[in-house]
Each structure stands twice: as structure tokens, then as C-alpha cells.
Number of protein chains: 2
Amino acid sequence: MKVLIVEDDQFHASYLQDALAEALPEVTEIFRARNGIEGEEEARDGGIEAVVMDLQMEQRNGIEAARSIWTERPQSRILFWSNYADEAYLRGIARIVPEDSAYGYVLKTASRERLKLALRAVLVEGQIMVDRQIHRMQKHGAAPRSGLDDSEFSVLLDLALGLQDKMIAERRGMSLRTVQNRLLSLYEKLGVVSALDDELTLNKRVRALNRALVTRTLNIETLEAAHRDFEAWLARRK
Amino acid sequence: MKVLIVEDDQFHASYLQDALAEALPEVTEIFRARNGIEGEEEARDGGIEAVVMDLQMEQRNGIEAARSIWTERPQSRILFWSNYADEAYLRGIARIVPEDSAYGYVLKTASRERLKLALRAVLVEGQIMVDRQIHRMQKHGAAPRSGLDDSEFSVLLDLALGLQDKMIAERRGMSLRTVQNRLLSLYEKLGVVSALDDELTLNKRVRALNRALVTRTLNIETLEAAHRDFEAWLARRK
DNA sequence: AGAGATGTTGCGGGTTCCCGCAATCTCTCT
DNA sequence: AGAGAGATTGCGGGAACCCGCAACATCTCT
């Protein structure tokens with residue numbers, strides 16, 4: 001059995017390699033990649049179907065790499081292994097998991113035992129295994145911690161890019177007023193108003209982005225990915 | 001000689017501990033803290049004047065911890081050790097380094113040799129040692145990569161918090177129109193306009209924050225720290 | 001079928017933002 | 001001292017934003 005480790009931090013990679021060798025004696029070869037792009041290549045060239053994937057990497061992050069790996073081989077088994085329990089990552093992963101593939105999500109703070117368990121459960125047994133702390137965010141597959149629904153979330157992404165109401169309306173196929181209603185509820189749910197001293201009026205749009213970031217509803221990588229998506233949409237629209 | 005390691009990642013901490021023992025035989029005791037708050041306490045209680053400090057930590061980050069350590073003991077020697085070469089961190093550090101104290105900045109990607117060198121140079125010899133990749137950002141102590149000057153940078157912080165022009169003017173002691181001029185040049189320098197397809201008008205404030213983040217001029221911790229600063233200012237102002 | 005909750009849309013107006021124009025102010029250099 | 005470059009400030013207006021109000025549209029229970 002061949003396993004690919006995609007991880008840019010050398011300490012974490014070697015710890016992982018250790019745990020892997022220990023937990024899965026059936027592993028014959030361990031490949032290593034340092035970012036998403038290398039990861040995709042290795043997976044393709046090596047015909048690998050078991051991957052342990054870090055999320056936060058330079059260049060091309062784990063979600064994007066996973067997406068293209070799954071596009072080529074939907075049956076690949078991928079264990080995500082990350083420092084953060086950001087909702088932003090969860091949303092990203094939830095969106096790309098193929099119908100019946102095996103995947104897992106383990107935090108780097110998890111114990112060695114739990115990591116080994118997850119390695120076996122996902123890579124060998126083909127099960128789904130998600131850290132409880134992360135899973136708690138998801139209520140039956142949607143509506144994570146912040147309580148944003150999908151349409152609110154996509155408006156948030158557009159807002160975060162700096163799009164104006166009119167453009168958001170066009171992109172998402174809503175009327176202008178509806179977009180504004182979404183913004184209203186975003187401001188509500190993100191705690192834009194209560195955030196600081198009352199008596200104090202803020203620029204709500206900027207504040208919304210700020211709040212989304214500090215609550216980990218968005219992170220910087222999400223912004224970068226959203227930007228790429230938007231450009232693709234722009235080009236397609238013509 | 002006593003040394004304090006402030007680092008929340010266990011792998012990194014033990015690697016560091018190893019390197020420390022290897023490079024500095026004169027070290028008799030190694031203390032360990034997992035975040036800024038613990039770090040400050042340990043430093044105070046243990047009477048420690050040699051610290052290796054991670055920057056990105058939950059709760060209270062390395063810059064804030066360093067500030068209060070230096071406030072109590074300006075002669076403390078602190079080696080910052082971080083994953084990122086973000087301008088945001090650089091600015092933070094530059095602002096709090098006492099007149100003649102020793103400090104250093106090493107990236108986690110640096111070789112073990114270079115780390116050991118820095119440990120010796122900063123903690124034992126009391127020199128200043130900054131990674132070249134980081135130092136390149138600084139031109140004689142100011143004006144990092146993005147080319148923002150200090151007044152532009154502080155307006156950027158306020159903008160990022162969601163403050164309105166009027167409030168920024170009050171906080172920074174500028175006229176309203178001057179604030180707006182600063183914003184103008186921020187938009188210019190951050191590439192707010194050219195960013196996407198032209199023909200496309202954006203919400204400049206949000207876009208400015210977005211650009212500041214993806215260019216690493218700001219990061220999320222900066223936002224959190226700026227928020228705390230602002231609240232302190234608010235309270236003081238009355 | 002009807003009542004009620006929830007979501008969508010248009011209108012209107014008060015605010016804030018963005019920025020051109022022009023009048024100082026401040027500094028530097030000769 | 002005086003010229004010139006650059007920053008600071010006020011004014012004014014067009015555009016975008018925020019949001020209350022009210023008319024419908026949809027969905028869900030009973």
C-alpha cells in the first residue's frame with residue numbers, strides 16, 4: 001500500500017511518517033510532497049489513493065489539491081490534518097467531497113493514538129472520521145457555527161472580495177434589495193453592531209469582513225480562493 | 001543560564017529544546033510556556049531574561065507578550081521564531097523593541113545551523129540578528145514592502161476595524177479630509193483599483209482590507225491586536 | 001381553504017464615502 | 001528671502017450604502 005503525505009512543515013511531516021509506519025504496517029511506500037501542486041503530481045504519477053493532506057500550505061492549499069485529486073480519482077481516500085478548526089476549511093471540504101469517498105479530518109493537536117486511529121479508519125478501512133470538535137460545527141452537513149446558511153455565505157464571500165451590491169445581485173441572481181437583506185442578516189449574525197461600544201457607528205461592510213475573519217468564518221486562504229472563483233466567473237460571463 | 005520557550009506547537013517546542021541544549025551548553029534550565037500569558041508569568045516569576053518566542057499563538061500572541069516582558073525588563077533578550085515573514089509581524093516588533101535590547105527574528109524554515117547560530121548570537125552574545133528574508137522588507141527601520149508609511153499604516157488599521165472616517169480623524173488627530181487623503185494613497189498602494197478587471201467598480205474600503213490581507217500587510221492577529229488597542233483608547237478617551 | 005411565518009422585491013430618504021478643486025501651510029533648497 | 005514641491009484642510013456633489021415601510025410570493029400547519 002502506498003501513501004502520500006502532503007505537508008510543508010518538516011517536523012510535522014516526519015512525526016506523521018512515524019505514526020504512519022507505526023499504525024499501518026501494510027504501508028510499503030511513503031511519498032512526500034511539500035505543497036498542493038507537488039501533491040497532485042505525486043498522486044497522479046504514483047497512482048496513489050491514500051493521502052494525508054495538510055490544509056494550510058503556500059502556493060496551493062490542501063483543499064484545492066484535494067479537489068483535483070478527487071476529480072481524477074473520486075475513490076481516493078484523503079485524511080485532512082490541520083492546525084485549525086476554521087469553519088472556512090470545513091465549508092471548503094464539504095463542498096468537494098465526492099459522493100462515496102472516504103475522508104477524515106484530524107486536528108494536529110489530537111493525540112498520537114487518535115491520529116493513528118484515524119489513519120487506519122480512513123486510509124485502510126475507508127471510513128469517514130471527523131474530529132468531534134470540528135463536527136460539532138456541522139449540523140447535518142450545513143449551517144456551521146456562525147449559523148450562516150449557504151446563500152448568506154456566498155454573499156459574504158462576494159462582500160469580502162469588495163463587490164458592490166449590484167454586482168453581487170447579478171452574480172447570485174438576486175434582486176438588489178434581496179442582497180441587502182442578506183447583508184442585514186449577515187451583520188446581525190456576525191455581531192457587527194454589538195461588537196464594540198455602542199454609541200459607535202461603524203462601517204458595516206468592513207466590520208463584517210473583520211468579524212468573519214476573527215471568528216474564523218473566513219480566513220485568508222478563503223479570500224484567495226474566492227478571488228480565483230470570481231475571476232473564473234467573470235471570464236465565463238463575458 | 002535560564003531560557004524560556006514560548007511556543008504552542010509541541011513538535012516545534014521539542015525541536016527547539018533540542019537545538020537549544022545542543023547550541024548552548026551554558027543553559028541550565030529550560031522553561032516552557034504555551035501562550036503569551038503563561039509566557040509573561042513564567043518570565044516574571046522565573047526572573048528570566050532569555051526568551052525564544054513563537055509569534056502566532058492563541059489567546060495572546062508573541063508580540064503582546066514580548067511587549068509586556070520588555071516593559072518589565074527592557075534588557076530581556078528575545079528571539080522571535082515564526083512561520084511567517086508577514087510584514088504585519090515586523091511592524092509589530094519594530095514598534096516595541098526597546099532602545100538597546102537584543103532580539104532576533106528567525107523563520108521556522110531556517111536550517112538547524114542557522115537557528116543555533118541565532119540562539120547563540122541573541123541569547124548569549126546579546127546581538128541583533130534578523131533573517132535576511134525579513135530584513136529585506138525593512139529599509140532602514142521603516143517603510144516595509146508595501147511602502148506604507150506609519151501614518152498610512154495606522155489609518156489602515158483603523159479602517160480594518162471598521163471605523164468611519166470621522167472616528168479615524170478623531171483618533172489620529174487629523175482632519176477628515178486628511179484621513180480621506182490617506183485612504184486615497186492606501187487604495188493606490190494596496191492596488192485596490194487595478195486588482196481585478198477594470199470596468200469594475202468595487203467597494204474600496206473592503207477591497208483595501210482584502211488586499212492588505214492577501215499581501216500579508218495585515219494578518220488576522222493584527223486585527224485582533226488592533227481591536228484591543230482601540231478599546232483601550234476608547235476607554236481612555238472617555 | 002385559510003392563517004401565519006418567512007422570504008423577496010421596489011421605493012424613498014438619510015448617511016457615509018469618494019474625490020476634484022482650490023486655498024493655505026510647511027519644508028527644503030538655493 | 002523666495003521659489004517650488006508636497007502635505008493639509010474645507011467645500012461640494014455624485015454614488016453607494018443602510019434600512020424602514022409596504023406589497024406580494026411561497027411554504028407550512030391545521
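Note: hydrogens, waters and symmetry copies are ignored here, and every other heavy atom, side chains too, is used. Lettering follows sequence order; numbering is per chain, from 1.
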Report task. Measure from NZ on Lys204(B) to P on dC17(D) and round the result to the nearest Å. Result -> 12 Å
Report summary line: Rounded to whole Å, the CG-P distance (Leu184(A) to dG7(C)) equals 13 Å
Report summary line: Atom NZ of Lys166(A) and atom C1' of dG10(C) are separated, to the nearest Å, by 17 Å
Query raised in the report: Nearest nucleotide by nearest heavy atom, which residue falls closer to the 5' end of DNA chain D, Ser175(B) or Leu183(A)?
Result: Ser175(B)
Query raised in the report: Quick one: Ile168(A) CD1 to dT9(C) P, roughly how many Å, whole number?
Result: 14 Å
Query raised in the report: Within the modelled atom types, does a donor on one side and an acceptor on the other bring the side chain of Arg177(B) and the base of dG12(D) under 3.5 Å apart?
Result: no
Query raised in the report: When the distance from CE of Met174(B) to P of dT9(D) is rounded to whole Å, what number comes out?
Result: 8 Å
Report summary line: From the candidates dC19(C), dC19(D), dC17(D), the one with an atom nearest any side-chain atom of Asn203(B) is dC17(D)
Query raised in the report: Have Asn219(A) and Thr222(A) got a donor and an acceptor in their side chains that come within less than 3.5 Å?
Result: yes
Query raised in the report: If you check every side-chain atom of Arg182(A), which of dC18(C), dA16(D), dG7(C) has the closest atom?
Result: dG7(C)
Query raised in the report: Rounded to the nearest Å, what distance is computed from the CE atom of residue Met167(B) to the P atom of nucleotide dC17(C)?
Result: 11 Å
Query raised in the report: Nearest-Å distance, CG (Leu209(B)) to P (dC17(C))?
Result: 15 Å
Requested in this report: Could you pull out the closest heavy-atom pair between Thr215(B) and Thr217(B), with the gap in Å?
Outcome: OG1-OG1, 2.9 Å
Query raised in the report: Strictly by modelled atom types, are Glu40(A) and Ser68(A) linked by a side-chain donor-acceptor pair under 3.5 Å?
Result: yes
Query raised in the report: What's the CD-C1' distance between Gln180(A) and dA16(D), to the nearest Å?
Result: 9 Å
Query raised in the report: What nucleic acid atoms does Gln164(B) come within less than 4.0 Å of, heavy atoms only: base, sugar-phosphate, or nothing?
Result: sugar-phosphate
Query raised in the report: How about Ser82(B) and Gln56(B): does a side-chain donor come under 3.5 Å of a side-chain acceptor?
Result: no
Query raised in the report: Nearest to the side chain of Tyr187(A), which nucleotide is it out of dT9(D), dA16(D), dC18(D)?
Result: dC18(D)
Query raised in the report: Do other residues, nucleotides or ligands put more than 12 heavy atoms under 6.0 Å from Gln75(B) CD?
Result: yes
